[in-house]
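A short worksheet on the structure shown next.
Start at 1 and go down the list; that is how both ligands and their atoms are numbered. Position 1 is the first residue of the sequence; numbering continues from there.
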Amino acid sequence: MIDLSLKYMGLTLSNPIIASSSGLTNSLDNIIKLAENGVGAVVLQSLYEEEIVTELKQNFRDISLKNNVQTESMNFYKNINVEDTLTSYLSLITNCKKRLKIPIIASINCISSDYWPYFTELIQKSGADGLELNISINTYDPNYKTNQSIEMYYKIIEAVKKHITIPIAIKISPFFSEITSTLTKLSETEIDGMVLFNKFYSPDIDINKVKLIDDHKYSSENDYSLPLRSIGVLSKRAHCDLSASTGIHNSEVLIKMLLAGAKTVHIASVLYKNGFEHLGKMRFELETWMKEHNYSTINDFRGILSQDVNINQAAHSRVQFMQHYNEKG
Ligand SMILES: Cc1cc2nc3c(=O)[nH]c(=O)nc-3n(C[C@H](O)[C@H](O)[C@H](O)COP(=O)(O)O)c2cc1C
């Protein structure tokens with residue numbers, strides 16, 4: 001008898017596949033369909049911190065904003081009724097919890113710890129099982145100082161933890177220097193989970209029209225190597241659960257992520273591409289593979305191919321690199 005259930009961030013999931021935050025997770029109808037197709041948990045489409053701060057500013061005009069990016073990006077919401085957006089978000093959580101048994105994880109896309117964290121209390125009161133913070137600090141800003149973005153991660157976690165007790169995960173950028181030590185230290189904060197990685201807006205160039213285009217909204221099935229490598233390196237070091245995100249399009253990659261040490265995977269692009277029925281196929285193929293390998297639970301094999309913490313990693317990787325590229329001819 002195969003058992004796919006597991007704990008992620010202290011929550012019980014029937015299987016390790018999470019519907020990642022996207023336009024597919026912003027309505028009750030879709031979330032019911034995801035549940036019917038056997039998803040393990042759902043992360044709701046993100047609210048932006050600017051939406052919360054815009055509402056505050058409209059109702060309490062005396063707040064002064066310190067963050068230039070936040071001030072400029074709030075213009076986007078100038079003609080939108082953000083109060084309705086916030087109310088609908090909270091109702092969506094409550095309605096999901098009334099109708100469904102799967103964990104519902106709310107999501108906020110944030111860049112600062114200013115003003116908005118109070119709203120997480122309302123998210124908790126509405127019944128969310130957890131909160132994912134999509135921390136989207138633009139590391140390409142030439143005005144940023146060394147460590148400025150990572151310091152903001154700490155501030156955001158601390159600010160949010162003052163307001164809520166439900167588990168929180170952070171969805172993070174792959175663009176850090178000293179990524180292993182940076183993420184290991186971050187995992188020692190009060191977070192319960194870390195999602196590797198956030199997919200950033202990645203512009204391309206149309207050489208015929210000579211202009212920038214947004215052609216990489218969805219991942220491709222070859223995009224999984226960066227999260228796979230990082231999960232493998234971090235899994236025995238991290239002090240919180242790890243979830244893999246980006247490029248997980250099939251059961252083979254799902255199994256690779258679990259072998260590397262992920263507790264769960266987040267998927268979005270493949271649901272856009274293949275529909276919600278794809279969840280059933282991934283689960284069935286995971287079960288079949290487990291049967292073939294005589295594993296009855298996820299914990300029987302999770303992390304068995306993660307990196308050993310006791311060997312000299314720098315030297316080990318260098319030797320592997322040399323072996324890989326040193327073929328003559
Ligand atoms: C259309 C679309 C909308 C998305 N919206 C959000 C969002 O609101 N919040 C968020 O954290 N991630 C969002 N994402 C990112 C996904 O949650 C996911 O992390 C990313 O697409 C990588 O996973 P994938 O390779 O399975 O697509 C979105 C992705 C897509 C394709």
Side-chain angles (χ1 to χ4, degrees), residues 8-9 16-27 30-31 34 37 39-52 73 76-77 82 85-86 88-89 92-93 104-111 116 120 123 128 130-138 153 156 160 168-175 191 193-204 214-231 242-258 262 264-276 278-279 281-282:
Y8 169 63
M9 292 165 59
I17 311 173
I18 297 179
S20 203
S21 179
S22 79
L24 298 176
T25 61
N26 69 2
S27 74
N30 269 359
I31 296 167
L34 284 162
N37 280 281
V39 80
V42 169
V43 183
L44 302 182
Q45 187 175 32
S46 305
L47 266 184
Y48 285 81
E49 78 168 54
E50 287 88 339
E51 294 177 275
I52 301 166
S73 50
F76 183 76
Y77 295 102
V82 283
T85 311
L86 302 190
S88 309
Y89 199 79
L92 177 61
I93 298 171
I104 300 294
I105 301 171
S107 166
I108 295 187
N109 181 310
C110 54
I111 50 170
W116 66 268
T120 59
I123 285 180
L131 176 67
E132 191 172 284
L133 299 170
N134 177 339
I135 304 182
S136 294
I137 298 169
N138 174 357
Y153 276 66
I156 291 171
V160 169
I168 66 168
I170 55 169
K171 191 174 185 186
I172 51 175
S173 157
F175 307 122
I191 58 171
M194 210 186 258
V195 184
L196 282 66
F197 290 108
N198 217 342
K199 190 168 178 301
F200 282 99
Y201 167 63
S202 312
D204 202 347
D214 177 11
D215 224 12
H216 300 295
K217 192 155 137 194
Y218 302 108
S219 64
S220 89
E221 57 186 16
N222 301 319
D223 286 345
Y224 68 85
S225 57
L226 191 59
L228 180 66
R229 178 193 171 101
S230 299
I231 297 269
L242 302 181
S243 187
S245 166
T246 305
I248 300 144
H249 285 218
N250 52 51
S251 56
E252 189 182 335
V253 179
L254 157 67
I255 294 163
K256 289 181 188 186
M257 294 297 179
L258 298 172
T264 56
V265 300
H266 280 48
I267 63 170
S269 295
V270 74
L271 293 175
Y272 277 99
K273 197 170 131 210
N274 293 353
F276 294 167
H278 192 68
L279 287 162
K281 179 171 158 57
M282 283 178 77

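Residue contacts with ligand 1 include I267, since one of its heavy atoms falls under 4.0 Å from the ligand. The closest approach between a heavy atom of Y224 and any atom of ligand 1 is not below 4.0 Å. Taking a 4.0 Å cut-off on heavy atoms, N109 fails to register as neighbouring ligand 1.
Exactly one residue among I108, T85, N109 makes a side chain to side chain contact (heavy atoms under 4.5 Å, CB included) with Y48. That residue is N109. Each of N30, L34, I105, I18 was scored for a side chain to side chain contact (heavy atoms under 4.5 Å, CB included) with V42, with one residue passing: L34. Of the options S245, S22, S243, S20, a side-chain hydrogen bond (donor to acceptor under 3.5 Å, both in side chains) to H266 is made by S243 and by none of the others.
Counting only non-hydrogen atoms, the option in S46, A19, S22 that gets closest to atom 3 (C) of ligand 1 is S22. Comparing heavy-atom distances from atom 11 (O) of ligand 1 across V195, N134, D223 singles out N134 as nearest.
Taking the six-membered ring where tryptophan is involved, the planes of Y272 and Y218 are tilted, since the angle between them lies from 30° to 60°.
Interface atoms of ligand 1 facing S245, defined by a heavy-atom separation under 4.0 Å, are 18 (C), 19 (O), 22 (C), 23 (O). Residue Y218 approaches ligand 1 through these ligand atoms, each under 4.0 Å from one of its heavy atoms: 31 (C). With ligand atoms numbered from 1 in the order given, ligand 1 contributes 1 (C), 31 (C) to contacts under 4.0 Å with heavy atoms of K217. Heavy-atom contacts of S269 reach the following atoms of ligand 1: 24 (P), 25 (O), 26 (O), 27 (O) (cutoff under 4.0 Å). For ligand 1 and Q45, the ligand atoms under 4.0 Å from any heavy atom of the residue are 8 (O).
The N/O atoms of S219, backbone and side chain alike, include one that comes under 3.5 Å of an N/O atom in ligand 1. Looking at I248 next to ligand 1, no N or O pair under 3.5 Å apart turns up.
Given atom 26 (O) of ligand 1, the protein heavy atom at minimum distance is A268 N, 2.8 Å. For atom 14 (N) of ligand 1, the nearest non-hydrogen atom of the protein is S21 O, 3.1 Å. Protein heavy atom in closest approach to atom 2 (C) of ligand 1: Y272 OH, 3.9 Å. Remark: minimum distance from atom 18 (C) of ligand 1 to any protein heavy atom is reached at S20 OG, 3.6 Å.
With a 4.0 Å cut-off on non-hydrogen atoms, T246 touches ligand 1 through its backbone as well as its side chain. Only the side chain of K171 comes within 4.0 Å of ligand 1, judged by heavy-atom distances.
The shortest heavy-atom contact between G247 and S219 is N-OG, 3.5 Å.
The backbone N or O of P227 sits nowhere less than 3.5 Å from a side-chain atom of S230 that would complete a donor-acceptor pair. Side-chain atoms of K217 do not come within 3.5 Å of backbone N or O of S269 as any donor-acceptor pair. Distance alone, capped at 3.5 Å, places no donor-acceptor pair between the H249 side chain and the D223 backbone. Side chain of Y89 to backbone of I123: no donor-acceptor contact under 3.5 angstrom is found. With hydrogens and angles disregarded, no donor-acceptor distance shorter than 3.5 Å links the side chain of S107 to the backbone of Q45.
To the nearest 0.5 angstrom, N134 atom CG is 11.0 Å from I172 atom CD1.
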